[in-house]
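Have a look at the structure below, then the notes.
We name chains A, B, ... by the order of the sequence lines, and we start the count at 1 in each one.
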There are 2 protein chains.
Amino acid sequence: MKKDKLDDRKKKVLQAIVEEYINTAEPVSSGTLSKGHGLDYSSATIRNDMAQLENIGFLDKPHTSSGRVPSAKGYRYYVNELLKEDNLSLEEIKYIQKKLEVKVNEIEDLTKAATTTLSEITHYTTVAVGPKADKQIIEEIKFVSLGQRMLMVVIVTDTGLVKETIIKFDEDITNSQVDTLNSLFNVRLKGKPLSKIDKPMAEYIFSEVHYSVGIMKAIIEQINKIVDEEDNSIILEGAKNSFDLPEFKSMKVAKNFVNLLDTKEEMLDIFNSGDAEDINVFIGDDDENSNLKDFSIITFKHTMGDKDLGTIGIIGPKRMDYAKVIAVMKYISKKLNEDNNKKEGM
Amino acid sequence: MKKDKLDDRKKKVLQAIVEEYINTAEPVSSGTLSKGHGLDYSSATIRNDMAQLENIGFLDKPHTSSGRVPSAKGYRYYVNELLKEDNLSLEEIKYIQKKLEVKVNEIEDLTKAATTTLSEITHYTTVAVGPKADKQIIEEIKFVSLGQRMLMVVIVTDTGLVKETIIKFDEDITNSQVDTLNSLFNVRLKGKPLSKIDKPMAEYIFSEVHYSVGIMKAIIEQINKIVDEEDNSIILEGAKNSFDLPEFKSMKVAKNFVNLLDTKEEMLDIFNSGDAEDINVFIGDDDENSNLKDFSIITFKHTMGDKDLGTIGIIGPKRMDYAKVIAVMKYISKKLNEDNNKKEGM
DNA sequence: TTTAGCACTCTTAATATTCGATTGCTAAAT
DNA sequence: ATTTAGCAATCGAATATTAAGAGTGCTAAA
C-alpha cells in the first residue's frame, strides 16, 4: 500500500468533496469548493490538490472535464480518518426513545422496532438478521402436544430467543411419548449450541427409545428446519425509500439492489463478517461487478452482555450519509444494550 | 355499459393483439397481424377492425402513428371471453408435484412451497397472505411456561394454522397460574373466531381471577398482536424477476411496484376481495393514478374443505401471460386441495 | 365487404451544432 | 516555494436538424 499521508489542506479538500457529493450526488468542481466551504484557496490551488488526490486513488473523474467523485478508497479514508461525529437532534432522540420503550416484551420485537426506527430516521433501507445457530446455546427444549397428532417443539436459547416449529404425524402421539421426548432431548441438548441439534444427534437420541420410523422422520425433518432458519429471521424495512434516490434512476443500480435483497447471500456474508464490538462500514468496491458495487452497508451487532442477538444494518448508496447513519446507529445500539442489560439483571 | 358485441373477426383481431403484445411488449400493427397470425385478411381490413375496437375502448394507441395496445377493458374481455386454456407441460406437472409433496408437515410450509413454485414456473412475483382473523375458529389455546418468567401462548385454529407469541413478565409465573389461564381461556374461547380474542374479552376473563396488573397487561398486549398478525404472515417470492421485464425500464413503474410490495395495503385489499371459488383476475385501471395502474393481480384462495387457508396470488404487468398463469394456478390449487383433503380425512 | 394505394403523421435514430462547465498548464504574483 | 490568475483545450449535455420508416386513415377500386 502507498503511504497515503495527506497534508491538512488535502484532507480538507477530500472531506469537502465527499460531503458535497453526499449532499448533491453531482461531481464536485474546484470552483464549488473554493467558495463557501471553509476552504480559502483559489480554484487553481484546489485543482492541484484534486489532481494529486486522484493520482493516489482517492478520487475519480467520470470524464475528462467534469468535477471529481470520491472513489471507494476515498470514502474509506473519509470514514476512517475524517468523519466528524454527528449529533442527533433532540427530536430524534425523543423519537428513538419512544419507539424503543414501547416494545419490551420480546427480543424479536425490540429488534424489529430498532430496525424500523433506524429506517425511519435515516430513510435508508434497513435489515436485521438473527444470530447464527452455532452461537446460540439451548437453554430449554420443550415438546408440547397440540391435538392428537400435532406436536410443537419450542426451543429457548440463552439469548432469550425462542424458536418453534410444528410437527404433524400420521399417527396419534401419547402423553407418555411426549414426556419421554421432553426428558430425552433436554438431557442431551440443554447447554449445547443450537447447531448441535442435527440429524446424527436426533438419531442417537432415538436409538434409546422405540418410536415408529414415521415419528422419528417427522421430528428430525422439522428439527433441521429450526437450525437452518436464518433466512426466516430476516427483517426488511423501508426498501421503497431507496427508490427515491437519484442513483436509482439507473436501471442497473435498481436491479442490483433488488437482487441483493432477494438473493440475500451476498448481503448475509457482509452482515455476518462484521466485528462484534464496532460499527462496521462496508464500502462497495469500485471495479467489482457484484451487486454490491454501488452500495455501502453499515452494520452493528445487537448484543446482550456478550451474547449475540443478531446484526442490524443499513444498505444505501455509497454516497450515503455516513456521519448521520453512524450517529443514529451508535445511539440505537447503546439504547438496545441498556435495555437488554436492564432486563438481564432483573 | 355499451353493447360490446364483437363479430368473430374482431374477436380474433383483439385476441391476436393481446397475445402478440404479451409476447413482444411492443404496440401491434395491422401489418404484423395480417401475416402469420391465422388472420387471412389484408392489413387494411384489420386496420378497420382495429379502429372500431379502439372506438369502443378495447384498444389504445400510444401515439397517432403506432400500433395498438390493449386497454384494461381489452384485457378484461380477453380474459373473460377469449382466453383459451393453456396446458402445462409434463415437466412442469412433474416439477409441481415434486415441490408440493416434499413439504407435508405444516400448512404454512405447503403454502410457502406453493408460492415459491408458482413464482419459479411463471417467473412472476408471487405473494401469499394468511386468512383473516375473523374467519378462523379457535380450536385450542394453550399457555406454556418457558423458564420462570416467560409464557408462550399457542393458538390452534380449525384450519390447522398455529399462531404463537411469547410474553415476558417482570415477576415469576407459577404453575397454578398457568393452569388457571389455560382452563379459563379455553372455556371462554374454544370454538369462537380468532378475532374474538380482543381486549374486552381478555379483561372479562381477568375479572374472574386476581392477577397483578402487570401480568394482565402483558398478556392482553401480546394477544392483540396475534390477532392483528396479517402483515407478518405475508410470503413474498421472486420479486427480482419482475425487474427483468421491459416495463420496469420505466422508473415510475418500478417505483410503483416497490411501493405496492412495501406498503401492502392496496395489495391486501385486492387479495382479500377475491371470490372464494374462483381464480380472480384484477386488471389495473388505465387512468387511475394508483400504484396498481400498470399491474395485474391474479389470485386464488387456498382452502381446505370450506375453510379459508389464505390467498395466493401473482403480481405482474398488465401484459402478463394470463393463460399460463391461470393454468398453473388451477393445477396448483387443485393439488393443494387434494393434499389438504387427504390430510383432513386421515 | 374487402383491399390496394397513397398521403399524412409521428417516432426514432442519426448527425451536427452550440454552450458551458471544468480541467490542466503556464507564467506571473506573493 | 506556494499560490493564483489566465487561458486554451476538452468533453458532455442540451438543442436543433434531418432523414428514414413504420403505421395509420381514408378513398376509390375490386
Side-chain angles (χ1 to χ4, degrees), chain A residues 5-14 16-18 20-21 23-71 74 246-247 249-251, chain B residues 5-14 16-18 20-21 23-71 74 246-247 249-251:
Chain A
K5 200 86 185 95
L6 302 186
D7 64 51
D8 269 7
R9 195 180 57 212
K10 287 209 188 61
K11 284 184 188 172
K12 275 188 191 150
V13 168
L14 177 56
I17 289 177
V18 172
E20 181 71 9
Y21 187 64
N23 277 329
T24 63
E26 299 289 341
V28 184
S29 75
S30 56
T32 314
L33 249 49
S34 91
K35 43 182 183 273
H37 278 80
L39 283 169
D40 265 344
Y41 292 92
S42 73
S43 68
T45 307
I46 293 172
R47 212 147 44 234
N48 285 333
D49 284 350
M50 283 163 71
Q52 290 177 55
L53 284 167
E54 186 186 345
N55 268 337
I56 53 176
F58 286 92
L59 296 178
D60 284 334
K61 230 188 330 193
H63 48 253
T64 326
S65 78
S66 77
R68 301 304 207 294
V69 159
S71 67
E247 20 274 283
K249 288 212 187 78
S250 149
M251 204 43 230
Chain B
K5 200 86 186 96
L6 302 186
D7 62 53
D8 269 7
R9 195 181 59 214
K10 284 208 189 63
K11 285 185 188 172
K12 274 189 192 151
V13 168
L14 177 56
I17 289 177
V18 172
E20 181 71 9
Y21 187 64
N23 277 330
T24 64
E26 298 289 340
V28 183
S29 75
S30 55
T32 312
L33 251 50
S34 92
K35 44 184 183 275
H37 278 81
L39 283 170
D40 266 343
Y41 292 91
S42 75
S43 69
T45 308
I46 293 172
R47 212 148 43 236
N48 284 332
D49 283 350
M50 282 164 70
Q52 290 176 54
L53 284 167
E54 188 187 346
N55 268 338
I56 53 175
F58 286 91
L59 296 177
D60 282 334
K61 231 190 329 195
H63 49 239
T64 326
S65 78
S66 77
R68 301 305 208 294
V69 158
S71 67
E247 19 275 284
K249 286 211 188 81
S250 150
M251 204 43 230

Discussion item. Using a 4.0 Å heavy-atom cut-off, does Ser29(A) contact any base of the nucleic acid, only the sugar-phosphate backbone, or nothing at all?
Written reply: sugar-phosphate
Worksheet item: Hey, are the side chains of Leu6(A) and Leu53(A) touching, using non-hydrogen atoms and a 4.5 Å cut-off?
Response: yes
Worksheet item: Near DNA chain C, which residues from residues 34-44 of chain A have a heavy atom under 4.0 Å away?
Response: none
Discussion item. Would you say Ser30(A) places a side-chain N or O within less than 4.0 Å of OP1 or OP2 belonging to dT22(C)?
Written reply: no
Practice prompt. Check the distance between dG25(D)'s C1' and Leu53(B)'s CG and give it to me in whole angstrom.
Written response: 16 Å
Item to complete: Mark up nucleotides 10-19 of chain D, 5' to 3', with B wherever a protein heavy atom is under 4.0 angstrom from a base atom, S wherever such an atom reaches only the sugar-phosphate, and - elsewhere.
Response: BBS-------
Worksheet item: Can you tell me how far P of dT2(C) sits from CG of Asp7(B), to the nearest Å?
Response: 9 Å
Practice prompt. Return the nearest nucleotide to the side chain of Lys61(B); candidates are dT2(C), dT24(D), dG24(C).
Written response: dT24(D)
Discussion item. Can you confirm whether Tyr21(A) sits close enough to Glu26(A) that some side-chain heavy atom of one is under 4.5 Å from a side-chain heavy atom of the other?
Written reply: no
Fill in: Length of the CD1-C1' vector between Ile46(A) and dT4(D), whole Å
11 Å
Worksheet item: So, do Thr45(A) and Arg9(A) sit near enough that their side-chain heavy atoms are less than 4.5 Å apart?
Response: yes
Worksheet entry | Val69(A) vs Val28(A) side-chain heavy atoms within contact, under 4.5 Å | no
Practice prompt. Check the distance between dG23(D)'s C1' and Glu26(B)'s CD and give it to me in whole angstrom.
Written response: 14 Å
Fill in: Side-chain ion pair, Arg68(B) and Asp60(B), N-O less than 4.0 Å
no
Worksheet item: Does Arg47(A) have a side-chain nitrogen or oxygen under 4.0 Å from the phosphate oxygens OP1 or OP2 of dT3(D)?
Response: no
Worksheet item: Which atoms form the tightest heavy-atom contact between Leu14(A) and Gly74(A), and what is the distance?
Response: CD2-O, 4.4 Å
Discussion item. Using whole Å, what does the distance between atom P of nucleotide dC26(D) and atom CD of Gln52(B) come to?
Written reply: 12 Å
Practice prompt. Send over the distance from Asp49(A) CG to dT22(C) P, rounded to a whole Å.
Written response: 18 Å
Response to the item:
Considering only heavy side-chain atoms of Glu54(A), the closest of dT2(C), dG24(C), dT24(D) is dG24(C)
Worksheet item: What closest approach, in Å, do Thr32(B) and Glu20(B) show between heavy atoms, and which atom pair accounts for it?
Response: CG2-OE2, 4.0 Å
Discussion item. Between P on dG23(D) and CD on Glu20(B), what's the gap in Å once rounded to a whole number?
Written reply: 11 Å
Worksheet, complete the sentence: When both distances are under 3.5 Å in a Watson-Crick or G-U wobble arrangement, the nucleotide paired with dA30(D) is dT1(C)
Worksheet item: What is the minimum heavy-atom distance between Ser34(B) and Ser43(B), and which atoms define it?
Response: CB-N, 3.7 Å
